[in-house]
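Counting starts at 1 for both ligands and their atoms, in listed order. All residue numbers in this chain count up from 1 along the given sequence.
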Amino acid sequence: MNFINLDIQSDIASITINREKALNALNSDVLKELDQAIDIIEDRISDIRVLTIRGAGEKSFVAGADISEMVKLSPLEAREFLTYGQRVLDRIELLPIPVIAIVNGYALGGGLELALACDIRLATENAVLGLPEVSLGLIPSFGGTQRLTRAVGTSVAKSMILMGKKIDAKRAYELGLVDDVASFENLDEKLGKMIKTLKKMAPVALHAAKDAIYAASNTDIISGQELEVNYASMCFSTDDLREGMSAFLEKRKAEFTGK
Ligand code: DAK
């Protein structure tokens, strides 16, 4: 792969979008390789506990879909690119493991949409987040109108989408759009702590919780609660639930096996 580095160390997978000269903008080759990286991760999913995604360098996570490529698209080609882009981001959102976006700089347009498809966002202090598509004669098309609105509410989403308002890491943290902010010096430390926390959790319960939260945005409350009860009941069939509860009662640390 030319634009995506996938590194799997023990039970942590790390994707780096590696197109630094174009601020890691997503063209169709990058999207294809991202799709291939997800294939590899899915093949090895039972060995992986956490996935991280970042952009190469210290300036940009992803500065959006590639404008030089998009400018040439016909409506039908745009539809193909859009459907493909949405599908790749959906695959990331639906992975059974937690996915952390390391928002290390610009997260604009498709870049913010990619970060929104991840479960947790850790921003560096220089991060700038925005959906400037309307200034290009377009609207956010990799799920941004849907996921940003669900993440921060209609009012903030409208100011960011209609006025193209870009926000810094501090404001994004205040809005709950990112979960934490780090300097480049303490980024690894903060990321390490997040990963450590996630690895303490029961893997099957994490997967069930992700699916139930996904349902909260995609179904009515009655069906969502039914799904929640079904997932929770399913947890009672796992070794991990017995282990988690026994460990609490025996005042020791739980050792989860993901079964
Ligand atoms: N696409 C292509 N190249 C980009 C790019 C992008 N989104 N962003 C940056 N680059 C390139 C620049 O062209 C420049 O290339 P060279 O001139 O060196 O060859 C290089 O990266 C460095 O950028 P700058 O020289 O501009 O760097 P600055 O520090 O001055 O500015 C910036 C950084 C991030 C503020 C600026 O580059 C910028 O405003 N970039 C564009 C940000 C943006 O508007 N992003 C949203 C793109 S629209 C769809 C599906 C999805 C989407 C749309 C449609 N369907 C198929 C319909 C999603 C749309 C978007 O994401």
Side-chain angles (χ1 to χ4, degrees), residues 2-5 15-38 53-94 101-118 121 123-152 156-172 177-178 181 184:
N2 295 318
F3 299 115
I4 296 289
N5 293 346
I15 286 178
T16 304
I17 297 165
N18 196 2
R19 209 182 156 222
E20 200 175 340
K21 279 193 180 151
L23 304 185
N24 306 315
L26 301 172
N27 62 18
S28 39
D29 288 335
V30 179
L31 279 176
K32 262 181 226 148
E33 290 189 12
L34 197 51
D35 206 16
Q36 285 165 16
I38 304 301
I53 303 181
R54 76 175 81 202
E58 295 196 347
K59 186 170 173 183
S60 181
F61 171 65
V62 169
D66 190 306
I67 299 169
S68 62
E69 192 178 83
M70 277 192 297
V71 72
K72 302 175 199 141
L73 298 179
S74 68
L76 278 181
E77 288 166 336
R79 188 179 174 79
E80 197 180 319
F81 180 59
L82 164 130
T83 309
Y84 186 57
Q86 284 185 344
R87 197 177 71 92
V88 175
L89 266 53
D90 287 349
R91 289 189 75 194
I92 292 170
E93 185 170 41
L94 293 171
I102 301 162
V103 184
N104 55 329
Y106 290 111
L108 299 175
L112 177 53
E113 293 174 302
L114 170 61
L116 282 164
C118 300
R121 285 162 286 284
T124 52
E125 286 165 347
N126 65 335
V128 176
L129 300 89
L131 291 178
E133 282 89 341
V134 171
S135 70
L136 298 167
L138 189 63
I139 69 165
S141 321
F142 286 157
T145 58
Q146 306 303 303
R147 289 197 182 99
L148 183 68
T149 307
R150 284 167 162 90
V152 296
V156 175
K158 280 192 175 171
S159 104
M160 289 178 70
I161 295 171
L162 303 186
M163 296 198 285
K165 190 171 170 190
K166 297 185 179 107
I167 59 172
D168 62 14
K170 186 170 166 279
R171 179 72 184 133
L177 185 53
V178 301
V181 181
F184 277 100

Q: Whether the D35 and Y84 side chains hold a donor-acceptor pair (N or O, under 3.5 Å, no angle test) is what I'd like checked.
A: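 Note: D35 and Y84 side chains meet the donor-acceptor criterion.
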Q: Please list every donor-acceptor pair under 3.5 Å in which a side-chain atom of residues 163-172 meets a protein atom from a residue at least two apart or in another chain.
A:
{"residue": "D168", "atom": "OD1", "partner": "K170", "partner atom": "N", "Å": "3.3"}
{"residue": "D168", "atom": "OD1", "partner": "R171", "partner atom": "N", "Å": "2.9"}
{"residue": "K170", "atom": "NZ", "partner": "E174", "partner atom": "OE2", "Å": "3.4"}
{"residue": "R171", "atom": "NH1", "partner": "E174", "partner atom": "OE1", "Å": "3.2"}

Q: Check side-chain contact (heavy atoms from CB on, under 4.5 Å) between E77 and all other residues, then give those that pass, not counting sequence neighbours.
A: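 side-chain contact (heavy atoms from CB on, under 4.5 Å) list for E77, sorted by chain: L73, S74.
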Q: Quick one: side-chain contact (heavy atoms from CB on, under 4.5 Å) partners of A65, sequence neighbours excluded?
A: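 For A65, the residues satisfying side-chain contact (heavy atoms from CB on, under 4.5 Å) (neighbours in sequence not counted) are M70, F81, F142.
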Q: Heavy-atom cut-off of under 4.0 Å around ligand 1: list whichever protein residues fall inside it, by chain and number.
A: K21, A22, L23, A25, K59, A63, G64, A65, D66, I67, M70, A78, F81, L82, Y106, L108, G109, G110, P132, E133, L136, L138, S141, F142
Q: What is the minimum heavy-atom distance between N27 and V30, and which atoms define it?
A: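 Looks like OD1-N, 2.8 Å.
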Q: Would a 4.5 Å heavy-atom cut-off, applied to side chains only, mark I139 and I161 as touching?
A: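 The answer is no, as the side chains (C-beta and beyond) never meet within the 4.5 Å cut-off.
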